[in-house]
Structure formats: C-alpha cells, structure tokens
Asks: 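Structure below; questions to follow.
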Amino acid sequence: MTYNSQLVLYYFLRLAGNCLESAPQDYSSMAQEREAMEIAQFVQEASALELTPPPPREIIRITRGMKIYFGQEELKLRPMSKAVLLLFLRHPEGIALKDIGDHKEELTRLYSRVARTDSPDKIERSVARLIDIFSNELNVNLSRVNAALSALENEVRHQIDGRAGERKSFKFFKSIVVWE
C-alpha cells in the first residue's frame, strides 16, 4: 500500500471512527450492534497502522547545456545516447521502436544540441542511421543508456524498458524531471 493510500485510508477510518464511537448505543438490533462493533474494531486497528513516510524523490535535472544529473551525479553518455534518453524523457507515454521515425525532427533537434559537430549533414546522417529500422543503432544506444543508468550510485533504478513490440518508456514520476 502506498503512503498516500495509507493516509487516505487512515483519514477516512478516523472520520468513520469518530462517527461510530456512540454507534452501538444507537442501534436496537443485535446484528446492527455487532456490525457497528466490528467496524469500530477495524477503525481502531487501522488507526494503529504505522505510516511510513515516502522515500525522498530523486530529481532528474537537465541543464541548459543538456547535461543530465540524477541527484548530484552527472550521467555521462555519448551524444547520440544522450539524445535518445532526452527523447524518452520528453515522452513519458513511451515510444514504440518501430515508430521512432515519427520523432525524427525532435531527435534531430536534441542531437544537434548535444553533438560534437555543427555539420547539419553529419547530424542528419547520424539520426538517419538511428531511425533506420534495418539498423541496430537504436538498440545499441538504448543499451548504452541503460548501462549508464545502472552504473549510477543511487537507490532508485532507472531504465528505458518495455516488452518486445510494445512501447518502450523511461519509468519516472514526471514531477521529478526538471528542465532548466
């Protein structure tokens, strides 16, 4: 049970408990009295639950210079792998690998911001290789991203993941990604 679920349950059970404190006295039948006692006991047991605070959320920060930080640690990636990760960060709903070509313009913009070249031809050729469905370039870059994410020294495990043929996505809470 998540922390928020526990809080909601706790709140409603407290509210119900306050309403039921005198309930057994108000009921005339034994069945209703027994039911009220069971509910009161349930409320009492639920009130004794130890509520644990949620774990601290890790902030994923993308700087203006397109450096990616997980907490205080910078994620070191090759430019194309970084562009792929940034694309997945921008699409939390996920992307089917067969549809990566639909994101060519966005991928080109991202790659041109992180690439070590200013040549539009080189950038265009690199992106074309990445989105070519007969090339293994996209899988190679996804593997590089996942390897770099696994090497991070943090408690939260991040990966671009998804079943074969379905959308791949980067699992995260949207509220923790900060674009500067």
Asks: Got a sec: does the CD of E166 have more than 12 other heavy atoms crowding it under 6.0 Å?
Replies: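 Counting other residues, nucleotides and ligands, CD of E166 exceeds 12 neighbours.
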Asks: Determine whether L86 and I131 fall in the same hydrophobic cluster, where Ile, Leu, Val, Met, Phe, Trp and Tyr are linked whenever their side-chain heavy atoms lie under 4.5 Å apart.
Replies: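 Yes.
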Asks: Can you name the closest pair of heavy atoms from S150 and Q159 and give their distance?
Replies: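 Result for this residue pair: OG-NE2, 3.6 Å.
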Asks: side-chain contact (heavy atoms from CB on, under 4.5 Å) for V114 and L110? Distances and angles first, verdict last.
Replies: CA-CA 7 Å; V114 297; L110 290 169; 6.0 Å; no
Asks: List the steps and the verdict of side-chain contact (heavy atoms from CB on, under 4.5 Å) for E137 and D132.
Replies: CA-CA 8 Å; E137 196 71 22; D132 181 4; over 6 Å; no
Asks: Heavy-atom count check: over 12 atoms from other residues, nucleotides or ligands less than 6.0 Å from D118 CG?
Replies: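 Atom CG in D118 is not crowded, with 12 or fewer foreign heavy atoms closer than 6.0 Å.
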Asks: For the residue pair A83 and L107, what are the closest heavy atoms and their distance?
Replies: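 Heavy atoms of A83 and L107 come nearest at O-CD1, 3.9 Å.
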Asks: Membership question, hydrophobic clusters at under 4.5 Å side-chain separation (ILVMFWY): are W179 and Y69 in the same one?
Replies: no
Asks: Any Lys/Arg nitrogen of E124 or K104 sitting under 4.0 Å from an Asp/Glu carboxylate oxygen of the other?
Replies: yes
Asks: More than 12 heavy atoms of other residues, nucleotides or ligands under 6.0 Å from CD of E105: is that the case?
Replies: no
Asks: Between atom NZ of K76 and atom NZ of K82, what is the distance when rounded to the nearest 0.5 Å?
Replies: 7.5 Å
Asks: Hey, does R116 have a side-chain heavy atom less than 4.5 Å from the side chain of P79?
Replies: yes
Asks: Applying side-chain contact (heavy atoms from CB on, under 4.5 Å) to L97 and I100, what does each step give before you reach the verdict?
Replies: CA-CA 5 Å; L97 298 188; I100 196 74; 5.5 Å; no
Asks: How long is the gap from OG on S112 to CE on M66, to the nearest 0.5 Å?
Replies: 9.0 Å
Asks: Please evaluate residues R90 and H103 with respect to the criterion side-chain contact (heavy atoms from CB on, under 4.5 Å), reporting the C-alpha separation (whole Å), side-chain torsions for both, the decisive distance (0.1 Å), and the verdict.
Replies: CA-CA 11 Å; R90 288 187 177 271; H103 302 277; over 6 Å; no
Asks: Search all heavy atoms of S169 against all heavy atoms of P92 and return the closest pair with its distance.
Replies: CB-O, 3.9 Å
Asks: CG of L152 to CD of E74: how many Å apart, nearest 0.5 Å?
Replies: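 Result: 10.5 Å between the selected atoms.
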Asks: Which distance, rounded to the nearest 0.5 Å, do you find between the CG of L142 and the CG of L138?
Replies: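 Between atom CG of L142 and atom CG of L138 there are 4.5 Å.
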Asks: Using a 3.5 Å distance criterion without hydrogens, assess whether the side chain of S81 forms a donor-acceptor pair with backbone atoms of L77.
Replies: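 It does not hold such a pair.
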Asks: Please name the residue in the list T108, N141, V140 that meets the side-chain contact (heavy atoms from CB on, under 4.5 Å) test with L130.
Replies: N141
Asks: With rounding to the nearest 0.5 angstrom, report the OG1 to CD1 distance, T63 to I68.
Replies: 8.5 Å
Asks: Pick one: which of V177, D161, V145, I160 meets side-chain contact (heavy atoms from CB on, under 4.5 Å) with F170?
Replies: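 In the set V177, D161, V145, I160, the residue that makes a side-chain contact (heavy atoms from CB on, under 4.5 Å) with F170 is I160.
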Asks: Using every non-hydrogen atom in the two residues, find where R64 and E180 come nearest and quote the distance to one decimal.
Replies: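 Looks like CG-O, 3.6 Å.
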Asks: Could you measure the distance from the CZ atom of R144 to the CE atom of M80? Nearest 0.5 Å is fine.
Replies: 10.0 Å
